[in-house]
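Here is how names work: the chains are called A, B, and so on, in the same order as the sequence lines, proteins then strands, and each is numbered from 1. These values consider heavy atoms only, across backbone and side chains, with no hydrogens, waters or symmetry-generated copies.
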2 protein chains.
Amino acid sequence: MEKKRNAFEANIAAIKLMIEQDGLVPGDRIPSERELAERLSISRPSVREALRTLAYLGIVETRHGGGSFLLNRDDHTYIQIIAQFLVTGDSKFEDLAGTLRLLEQAALTQLDDLSVLAPVVSSDAAFRETLIQTVDNDLFERIWRQVNAFHKSFGQGELYTQAEREQLLNRP
Amino acid sequence: MEKKRNAFEANIAAIKLMIEQDGLVPGDRIPSERELAERLSISRPSVREALRTLAYLGIVETRHGGGSFLLNRDDHTYIQIIAQFLVTGDSKFEDLAGTLRLLEQAALTQLDDLSVLAPVVSSDAAFRETLIQTVDNDLFERIWRQVNAFHKSFGQGELYTQAEREQLLNRP
DNA sequence: CGGTGGCATTGGTCAGACCAATTACCCCTT
DNA sequence: AAGGGGTAATTGGTCTGACCAATGCCACCG
């Protein structure tokens, strides 16, 4: 019952919970701001503060006069938006590349048949995409995809050179 | 110039620009909501919608009665936000355990000196915690921590048996 | 039957008010 | 003069109500 402390975040959680309980799926329209305010017993400005944050994170989309809609999880743009604030993020950029290498290294140790990678060894993106999909773990794949999107938002090129990719296929 | 399209995002950009132009550094106090509204020629509710989003992303912190302060970028709570959305909803439980194993497998391949793990081989939690820390990658560690927390919330016990942990130390 | 204009709905923005927490400041005591 | 305490000003938190702007629905008209 820690009520008073985080009313704002509680409102965000309440809206997300309501979306869940109403069984809304991506593309569905969510209740109007006025209806949300009434159902949650909060004011419309409070609803809006939560809704704008969700919209900024790319979880919902609002159309003037039309309503608010639940977006696909893959449409989330918050990573690019957050990256906008990381003007001095060079030190953390190494974390991104390092994490990607770790994730892909893990996938590689799981892989028995390396032949599936041979056709895509010439493309960095396709090579890594294929590698991750061999794991067949939805959560793992989502994590990789988000980190990769974050990494790409910094405008970097290939993660491995062609020679590195070929070497990875011969090692294990 | 700028279109009417995205007044909200324009407000966020304007606040960010003002922070830059005022030469504010992490820890500094930013102008009050009322002053921001006046300087940007927008209403206080509009200022609040932008500020609340920045606060949710961990870029600023607001203290009731005290003001709003610029946070250190190294806090990067945005990673927590990203992780929070990665590990919500329909993640299958077996994906959680599988992802943890993958992450720890990746850490293991990076580790040269296995002796640091010997003292903690008797404890599943300590073993895995120590293993992750050897990577020295903040983003990687946070991702692991979030997945592990979610896994624990399902009330599961040890991820590896004692025999499995000892085997991991002898393999490479 | 199709187009179209009006009206209800919904998001966008604003002004003002009041409460709650914090901070600043002045005055009194020592 | 220095320190402490209490009060007023400042600031964020929330709400009410209002009006504008964009959209969508639907009855009406051609």
Side-chain angles (χ1 to χ4, degrees), chain A residues 1-19 22 24 26-71 75 77-78 81, chain B residues 1-19 22 24 26-71 75 77:
Chain A
M1 296 270 279
E2 5 94 26
K3 288 288 182 185
K4 277 291 190 176
R5 277 193 50 183
N6 263 330
F8 171 71
E9 295 191 5
N11 291 341
I12 289 184
I15 290 178
K16 288 205 291 185
L17 179 63
M18 174 172 296
I19 288 173
D22 286 2
L24 300 185
D28 283 353
R29 185 164 137 180
I30 68 179
S32 70
E33 296 178 353
R34 291 169 177 85
E35 183 179 343
L36 282 172
E38 189 178 359
R39 286 176 62 177
L40 299 177
S41 300
I42 56 181
S43 68
R44 196 178 150 214
S46 295
V47 169
R48 279 186 60 81
E49 289 179 2
L51 223 43
R52 300 314 253 126
T53 296
L54 290 177
Y56 196 64
L57 295 175
I59 293 163
V60 303
E61 180 191 29
T62 62
R63 303 174 197 158
H64 189 174
S68 293
F69 298 82
L70 195 58
L71 289 183
D75 291 343
T77 58
Y78 49 86
I81 294 167
Chain B
M1 315 284 286
E2 325 271 332
K3 302 126 193 176
K4 280 280 196 174
R5 261 186 13 196
N6 269 332
F8 172 72
E9 296 192 4
N11 291 341
I12 289 187
I15 291 177
K16 182 194 167 198
L17 179 64
M18 175 173 296
I19 288 173
D22 287 1
L24 301 185
D28 284 354
R29 184 162 142 183
I30 68 180
S32 70
E33 296 178 352
R34 291 169 177 84
E35 183 179 343
L36 281 173
E38 190 177 359
R39 286 176 61 177
L40 299 177
S41 299
I42 56 180
S43 69
R44 194 176 153 218
S46 295
V47 169
R48 281 186 59 80
E49 289 180 3
L51 271 184
R52 301 265 70 194
T53 296
L54 293 178
Y56 190 70
L57 296 177
I59 293 163
V60 303
E61 180 191 30
T62 61
R63 302 175 198 158
H64 189 174
S68 294
F69 298 81
L70 197 57
L71 287 184
D75 293 342
T77 60

Exercise for review: Indicate yes or no for a side-chain donor-acceptor contact from A:Arg52 to the backbone of B:Arg52 under 3.5 Å, with no hydrogens or angles considered.
Suggested key: no

Point to revise | Enclosure of A:Glu35 CD (heavy-atom neighbours >12, cutoff 6.0 Å) | key: yes

Check your understanding: Considering heavy-atom distances to DNA chain D, does B:Pro45 or A:Arg63 have its closest nucleotide positioned more toward the 5' end?
Key -> B:Pro45

Taking the side chain of [X] as heavy atoms from C-beta outward, which of [options] is closest to it?
X       : options                : answer
B:Arg48 : C:dT13, D:dT11, D:dG13 : D:dG13
A:Ile42 : D:dT14, C:dT10, D:dC15 : D:dC15
A:Ser43 : D:dC15, C:dG11, C:dT13 : D:dC15

If I take atom [atom1] in residue [X] and atom [atom2] in nucleotide [N], what distance separates them, rounded to the nearest angstrom?
X       : N      : atom1 : atom2 : answer
B:Glu38 : C:dA15 : CD    : C1'   : 14 Å
A:Glu9  : D:dG13 : CD    : P     : 12 Å
A:Phe69 : C:dG11 : CZ    : C1'   : 11 Å
A:Leu36 : C:dT9  : CG    : P     : 17 Å
B:Glu49 : C:dT13 : CD    : P     : 7 Å
A:Glu33 : D:dG17 : CD    : P     : 17 Å
B:Arg29 : C:dA21 : CZ    : P     : 18 Å
B:Glu61 : C:dT22 : CD    : C1'   : 14 Å

**Study point:** Full working for side-chain contact (heavy atoms from CB on, under 4.5 Å) between A:Leu51 and A:Ile30
**Key:** CA-CA 11 Å; A:Leu51 223 43; A:Ile30 68 179; 4.1 Å; yes

Review point. Is A:Val47 close to A:Arg34 at the side-chain level, that is, under 4.5 Å between some pair of heavy atoms?
Key: no

Point to revise | Spatial distance of atom CG (B:Asp28) from atom CG (B:Leu71) [nearest 0.5 Å] | key: 11.5 Å

Check your understanding: When rounded to the nearest 0.5 angstrom, what distance separates CG in A:Asn11 from CD1 in A:Ile42?
Key -> 3.5 Å

Scan nucleotides 19-22 of chain D against the protein and return all N/O pairs shorter than 3.5 Å with their distances rounded to 0.1 Å.
from: D:dA21; atom 1: N3; to: A:His64; atom 2: NE2; distance (Å): 2.9
from: D:dA22; atom 1: O4'; to: A:His64; atom 2: ND1; distance (Å): 3.4

Review point. Would B:Leu36 and B:Met18 satisfy side-chain contact (heavy atoms from CB on, under 4.5 Å), going step by step from the backbone distance to the final call?
Key: CA-CA 9 Å; B:Leu36 281 173; B:Met18 175 173 296; 3.3 Å; yes

Check your understanding: Counting only side-chain N and O atoms of B:Thr62, is one of them less than 4.0 Å from OP1 or OP2 of D:dG13?
Key -> yes

